[in-house]
S.K.: 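Next up is a structure, given as structure tokens.
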2 protein chains.
Amino acid sequence: MEDRKKDLSERKKIILKAIIDAHIENGEPVGSKYLTGHKQISCSSATIRNEMAELEEMGFLEQPHTSAGRIPSEAGYRFYVDWLIDRYNFTQGEMDELRHTLNQKQSELDSIMQTAVALAAKLTNYTALAIKPRQPRITVARYELLRLNEMTLILIMVIGGIVKTKYVHSNRPIPNEAAACLSAVLNKYVTGITAAEITLPMMMEMERVMGEYEYLVSPVIKAVCETISVFDGGELRFEGINRLLAYPEFYDMDRLRDMLALFEKKDDLLEVLSEETKHTADDRVQVYIGRENIVKVMDNSTLIFKAVRDHGKTVGAIGIIGPTRMDYRRVIATIDQLTRGVSEVLGDPSGPADDGKNS
Amino acid sequence: MEDRKKDLSERKKIILKAIIDAHIENGEPVGSKYLTGHKQISCSSATIRNEMAELEEMGFLEQPHTSAGRIPSEAGYRFYVDWLIDRYNFTQGEMDELRHTLNQKQSELDSIMQTAVALAAKLTNYTALAIKPRQPRITVARYELLRLNEMTLILIMVIGGIVKTKYVHSNRPIPNEAAACLSAVLNKYVTGITAAEITLPMMMEMERVMGEYEYLVSPVIKAVCETISVFDGGELRFEGINRLLAYPEFYDMDRLRDMLALFEKKDDLLEVLSEETKHTADDRVQVYIGRENIVKVMDNSTLIFKAVRDHGKTVGAIGIIGPTRMDYRRVIATIDQLTRGVSEVLGDPSGPADDGKNS
DNA sequence: TTTAGCACTTCAAAACCGCGAGTGCTAAAC
DNA sequence: GTTTAGCACTCGCGGTTTTGAAGTGCTAAA
């Protein structure tokens, strides 16, 4: 990797950066003449043309057609993000707003993520997403049952620090003491194991212990399994979908439709993201440019996200999605600060630590 | 109202209906010659032209420009929906699918609505929406507190048949017995009243009763209020946003953007819908055409929805949103059947009753 | 190695044009 | 009085042509 940095002469780097900056700014192909005005470049347009031709040969630039300027290729953006980009500094005001908004609603992870993702959309003006990754081996830490009425119980489960509730309807009246009894049994037999690990002998054992209330075991266990399977399914939430339309690259109806379909189907993207958020141990902002994304629809889009940690454990991720031509500097910085902020609100000490380099 | 029906001669009605049917079908302005082929119309194109001119004068039709055919005006659609439309009959297959899908997931209102709205989008091929209306005077029926760990309680509330949970963090250790004690106090003092009705004297009284645990009262009450205010905020969920793009009337980027923004902001629409769902006592499918909608963005769109009742109480609504030119027949029938189906699954006896006329 | 000059390419927007659909009107027919 | 045929007129749509600007690659000189 590091040697690739040396592949380019200093002047080529300046030119490449200037081209990408300009293209990000206005979205149009940039020509040699335009760069003449750039302060760090002091050669003529002809020289720049030669350099550009070489940069194209190397795969960092491409031409929509002869006689248009150059636009960055995916490799170009990749090089830019990896080596050329400089750090974006938030103004104090922006930082304040960010902190303030996040601290507003001091409560569940869910609502914090919701605020954060809304903020991400607003600050970057791209479509933002919040990811709750799949958790294939999730277990219940604790059960509690309440008797709601004659025929209905409320089943309360503490799963991965989150509380989930579910009704359980019975076809026979439920005596008052049955609820407490059943919670005790559940807590004894089915804590710390996954849904798949609940075996028939276990259920029979529970029914034996429950004595005359054995008829409640089966519906409750069914409810437990259902809840777990819904919970570990992961979740993907979008905010600011309409912001896509602000960018000419999404003016193509077909692409737009595909994109919206992607947003609605969620499964594909969730799959990918669950993998990524789980595996990447490092705490960097992840940047996937164009075809680096596994989902075909996102060929011309960039996905940027970073995991949110709560006391070292990955509990989700926040990111944005937009055209490959995007303001990487600002977006990367925003996502970085935002995830830090969320961790902070969650009380994670590792939050404010700051290293800055990103991949 | 009824006399307006007489305003139009039988022939005019046939012609108007034919025009609207044709326009719904193919989206293009329909001319006099085209109607000659219609089976119920047996006069020449010239006569039809005269009739059309009169219908235009009355405000039921309009011309995009001279020398184009006519398209229905909003008043035209309104008349069509009120008087001209005939009933759409589902095939047995369609009915079966509907029932079957709805019965799949026999559980919470939330997930039933989710299934229903997905089904609505699929069946109609328009964007579907599920509404949980605002409930300004919501009260908690029952409280329960669990001690999660040293410093945290889980607050469980039964609100309007739904269970909500929330963490309460304390700054002092919480003894085991405090939870039970506090639930008893909550159940005694703050059931059946709205958040606004919790007064300072009441809180002081509770603190007195709680004795040494009085430091828990304030954070818990705060949590209660927060939860209530979030809960009665109402909810609006969309499904199938990408289906908008299938219709040429949304090919205009600006309109599309506005529409998506509407979907994200939700507040406006929720406001309107909460009002409507609450006030309309009757069990009809509601149809709002074009500028009949209070929200300006929806000028060229139609909103169709119907309340979902659970044992007589309105618990939500399901609807669709689409271009003014839409297949009213099918959509109205679909929404009607769908809400009936949901009520049925919820166990509401009034569900399957069937009258059919709609406004 | 850099630069000025020039011929060439390509696309985008504007201008143009003909076609066809559909109308309104008038006058004749029923 | 109502219906119909006929006709002149209008207007937008789609395709083609024209024009112009932008930018390149190459060559030859500095």
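Given the structure is predicted, the values throughout are model-derived calculations rather than measurements. Here is how names work: the chains are called A, B, and so on, in the same order as the sequence lines, proteins then strands, and each is numbered from 1.
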S.K.: Within this structure, what is the CZ-to-C1' distance between R70(B) and dT23(C), rounded to whole angstrom?
M.R.: 7 Å

S.K.: Within the 4.0 Å limit for protein heavy atoms, which parts of nucleotides 2-17 of chain D are touched? Write it as a string from 5' to 3', B for base, S for sugar-phosphate only, - for none.
M.R.: -SBBB---BBS-----

S.K.: Is it the case that atom CZ in F90(A) sees more than 12 heavy atoms from other parts of the structure closer than 6.0 Å?
M.R.: yes

S.K.: So, R330(B) and Y88(B): side-chain donor and acceptor under 3.5 Å apart, yes or no?
M.R.: yes

S.K.: Rounded to the nearest angstrom, tell me the gap between atom CD in E57(A) and atom C1' in dG25(D).
M.R.: 13 Å

S.K.: Just the rounded figure in Å: distance from P of dT24(D) to CD of E51(A).
M.R.: 14 Å

S.K.: Testing the 3.5 Å rule here: is there a donor-acceptor pair between the side chains of Y80(A) and D21(A)?
M.R.: yes

S.K.: Please report, rounded to the nearest Å, how far the C1' atom of dT2(C) is from the CG atom of L35(A).
M.R.: 17 Å

S.K.: For the residue pair Y328(B) and Y77(B), categorise the inter-ring angle as parallel (less than 30°), tilted (30 to 60°) or perpendicular (more than 60°).
M.R.: tilted

S.K.: Quick one: are D86(B) and K17(B) in side-chain contact, heavy atoms under 4.5 Å?
M.R.: yes

S.K.: Can you tell me how far apart CD1 (I335(B)) and CD1 (I304(B)) are? Round to the nearest 0.5 Å.
M.R.: 7.5 Å

S.K.: Using whole Å, report how far CE of M52(B) lies from C1' of dA21(C).
M.R.: 12 Å

S.K.: Ion pair present between K122(B) and E97(B), side-chain N to carboxylate O less than 4.0 angstrom?
M.R.: yes

S.K.: To the nearest angstrom, how far is Y251(A) atom OH from dA12(C) atom C1'?
M.R.: 18 Å

S.K.: Relative to each other, are the rings of F79(A) and F60(A) parallel, tilted or perpendicular (30° and 60° limits)?
M.R.: tilted

S.K.: Rounded to whole angstroms, how far apart are CD1 on I71(A) and C1' on dG23(D)?
M.R.: 15 Å

S.K.: Side chains of E264(B) and N242(A): closer than 4.5 Å at any heavy-atom pair?
M.R.: yes

S.K.: Enumerate, in order of first residue number, the stems that involve DNA chain D, defined as 3 or more consecutive Watson-Crick or G-U wobble pairs with both distances under 3.5 Å.
M.R.: C:1-30 with D:1-30

S.K.: Report the distance from atom NZ of K33(B) to atom C1' of dG20(C), rounded to the nearest whole Å.
M.R.: 11 Å

